[in-house]
Each structure stands twice: as C-alpha cells, then as structure tokens.
Protein chains: 2
Amino acid sequence: MFQVFFTHLQEKVVLSANEQALIKTYFTPKKLRKKQYLLQEGDVCRYFVFVENGLLRSYNVDEKGNEHMIQFAWEGWWMGDIYSFLSGELSTYNIDSIEDAELLMITLAGFEEMMLKVPVMERYFRILFQNNIISKERRLINSISYSAEEKYTRLAAANPQLIQRIPQNLIASYLGITPETLSRVRKNLSNKK
Amino acid sequence: MFQVFFTHLQEKVVLSANEQALIKTYFTPKKLRKKQYLLQEGDVCRYFVFVENGLLRSYNVDEKGNEHMIQFAWEGWWMGDIYSFLSGELSTYNIDSIEDAELLMITLAGFEEMMLKVPVMERYFRILFQNNIISKERRLINSISYSAEEKYTRLAAANPQLIQRIPQNLIASYLGITPETLSRVRKNLSNKK
DNA sequence: AAATGTACTTGATCTAGATCAAGTGCATTT
DNA sequence: AAATGCACTTGATCTAGATCAAGTACATTT
C-alpha cells in the first residue's frame, strides 16, 4: 500500500527506516471507487491525499453548471484543495475518481506534526511544490498564449500519458475549450498528417 | 537593504540573529533601473531574486512578437524562471523592471548550500511555494473558466493593488486578452455603475 | 438482450473577442 | 518648446471558437 509512496519520496529525499516507519503513522489508507467523491464543494478539504494507484480529478462547477478541470492525479501525485486544507475555509472544488483508486490521506494536524517530527519532509514538500509551480506556470502560459489547436498539441507533447488516459471531454475542459472544438482540432490534426 | 527581506521571512519562520547573519551572506544586492533586463530569453536564469523594492515583470514573447505576462513582482515577492534556475536549461522568459528596483540575488549553489546550512529555510520555501501554488491555481481557474469581463473583475477583487500599479496593457496580457478588449470592458463596467 | 446513458462527431449558426485602423492625451527626449 | 513615442480609447470589421442540435458508437445497467 505504501510502495508507490515511498518510491516517490525517495526520489526526492533520503529516508531512514525509522523515518519511514514514523511517516507511515501519519497516513490513513482509503479506497475510492470510480465516480465516488473525495471532496464536494461547500465542504472543507480535511485531507491532503497521495494517489497510490487509480486516477482522480478536481474541478469547479460554474453558475451555468459547466465543469472546469483543475487537476488530474494518478499514481505518484498528490491531490487536494491546498487553500481549503491549510486555511480551513470552505472549498469550491469537487474531487472524485475517474478510475478506482487507492489513497493515502493525511490531516492538517498530521501534516504539521510530521514536518516537526521528520524535518526532511519539509525538504520533500519544498521540492514537490517547486516542481508543481513549474508545471502550473507552464499550463498558465499555455492558457493565455495559444490557440485551441496549439494548446492541445503542446499539452500532447508535454504530457502524452494524459492524452491517453483522460477522456477527451475532460481534456477539453482542462484546456479551457469545448469538447466540440477539441474534436474538430483533433480531426484537423489527423488530416494534416 | 535587507529590511523587507527579513520582515518577509519572519512572517513565515523564526530566525535567530546568527541565522540571519548567515543567510545574508548568500545574497548579492543589485539595483535595476526601469526597463533594464534581469534575464533575456536564451540565457540561463542564474539567480533567484527577492524584490526589496520596485517592480519587475516576467514574460514570454511569441512568434508574432506578442508579449505574454507571466508574473509581476514588487516588494516582498520573488522573481525568476524557477525551471531554468534549477535545471540550468535555457530560459524562454524575459525579466525586466517596470519601476527602478532593489534586488537580493542568490545563485543555485547558494540556494542549495543555504538550505543545508540553515534548514529552517527549507520550511520557509515550502510555505512560500505552497502559497504560490494557491495563487497560481486561482489564476489558472480564472483563465479557463471566465469571460474577459469576469477575468478582469475577479482579478480586481482579488488583487486591487495590481490594478493600481500595473499599466493596463500589461494587465490585459496577464489576463490573456487584448488591450482593446480590456479598455472596452472597463468602459462597460464604469457605465454600469 | 434491451434499454439507457455517456462520449464523441459533425453540421449550421452565432458571438465574444481579435484585428486593423485612426485619433487623443501624456510623458519623455531633443 | 517642439518632436517623438507610448498608453489608451473608440470605431469598423473579421474570425476562432462557442452554442445549439442531431446522429453514431460504445459501455453500463436492468
């Protein structure tokens, strides 16, 4: 259950057996079936979760009922509404699973205590967040700078696994375009070849 | 020269006088005149910089010559191309100053050594990056979910200082809309009142 | 196996925002 | 003080992508 987790941690920091054992105690495993919610808007995000396997998504729903994909997370990724998690404010996010998933969950109290007891986790999260900023910044540049077709081809180039694994209508939403436009963009690209 | 800097640090972590003295040694002060470059595309981003005062911007320039604002940074903010800084790869970013600025610069070697010598800086940057993720995620949601008018009003609500301090054409670029559209949006909003 | 639902495609139309173009008012340079 | 150059505005037109609508193909439920 902690296999992917510790593999992922050890890619960024070195952990002793003692530290690993201690870290484990802060997490609660949880299984989530396809389509089940982990968080619904209006609730507080009480857990920051690591995905051992499976696939989750987070999204907002606007006044017209349209979903806007914020993030996808599969094996080795973290998921949550960090703002709500840290501040205790109500979340506007929905989080549910696209595929059956196994998760490791930590509360805010656990998160904070773990940092004090296992200081190397400060380093781990510093590096994790650092990388996250880089990818969010890229997505942002993509979003403000390019046409629908370019957004898609750049995403496909930077993140081919995402294209294979995520349904097309969710990719469209992730890019901020309609499913119809994405369908036409793809048709267009396949004709070009 | 380090006033804003240590005030900012102490908002997030506690530092002894010794730690402060040691931290200082890793930074080089620099003054940057209005319109001067700190980084040009094609160069490697050798410094991560803290803005003591003044105002910087980072942006990409696309094939058509259009600028796309990535970030603004004034007193108390950090600026750089984190990806290029950490990886040593060439940057696509340009960074220059909108207002005369005083900066504190650290190299990658300095950054890494500082983390080892003053471990509480891991915590500082973890918290800094954490907050940065929250604001980038908001900007991203704004970008994929809303109309030009909504993008502007939401930015103005979340970040009124930005509206006051940044020229309108740069705000337009930051939002991913044209200056003409932003001008019309503002006219429209002032008529509504 | 039938029925229902959902993802995706394709076509027709509409519209928000881009583009192009000209004009105004400041600020900076000479 | 004149001249040059931006930032911003306003108008006219164009277009990429949204919306609306219908049809097809799987997948899931009953």
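Below, all heavy atoms of this structure are taken into account, side chains as well, without hydrogens, waters or symmetry copies.
In this structure, NZ of B/Lys34 is placed 9 Å from P of C/dT29, rounded to the nearest angstrom. C/dT6 atom P lies 7 Å from atom NZ of A/Lys35, rounded to whole Å. Whole-Å rounding puts the B/Tyr146 OH to D/dA18 P distance at 17 Å. When the C1' atom of C/dA7 is taken as reference, atom CD1 of A/Ile171 falls 12 Å away, rounded to whole Å. Spacing between atom NZ of A/Lys64 and atom C1' of C/dA16 amounts to 11 Å, rounded to whole angstrom units. Here the P atom of nucleotide C/dT28 and the CD atom of B/Glu99 are 12 Å apart, to the nearest Å. Rounded to whole Å, atom P of C/dG17 lies 11 Å from atom CG of B/Asn188. Rounded to an integer number of Å, the gap from CD of B/Glu149 to P of C/dA16 is 11 Å.
Heavy atoms from other residues, nucleotides or ligands lying under 6.0 Å from OH of A/Tyr47 number 12 at most.
As judged by a 4.0 angstrom heavy-atom cut-off over every strand, A/Leu182 is placed among residues making no nucleic acid contact.
Taking only side-chain atoms of B/Ser147, from C-beta outward, the nucleotide of D/dT10, C/dG17, D/dT19 with the closest atom is C/dG17.
Distances shown here put a side-chain N or O of A/Thr181 below 4.0 Å from the OP1 or OP2 atom of D/dA18. Remark: B/Ser183 is not in phosphate contact with D/dC8, judged by side-chain N or O atoms under 4.0 Å from OP1 or OP2.
In this structure, A/Arg139 is positioned above the aromatic face of A/Tyr174, its NZ or CZ under 6.0 Å from the six-membered ring centre and within 45° of the axis.
At a cut-off of 3.5 angstrom, counting only N and O atoms as typed in the model, there is a donor on one side and an acceptor on the other between the side-chain of A/Glu180 and the base of D/dC20.
Toward the 5' end of DNA chain C, the nearer of the two residues B/Val185 and A/Gln168, judged by each one's closest nucleotide, is A/Gln168. Comparing B/Arg184 and B/Asn169 by the nucleotide of DNA chain D that holds the closest heavy atom to each, the one mapping nearer the 5' end is B/Asn169.
Using cut-offs of 30° and 60° on the angle between ring planes, the pair B/Phe125 and B/Phe129 is tilted. Ring-plane geometry between B/Phe111 and B/Phe48 is classed as perpendicular, the angle between the planes exceeding 60 degrees on a 0 to 90 degree scale with a lower cut at 30.
Two rings, from B/Phe27 and B/Phe5, have their centers less than 6.0 Å apart.
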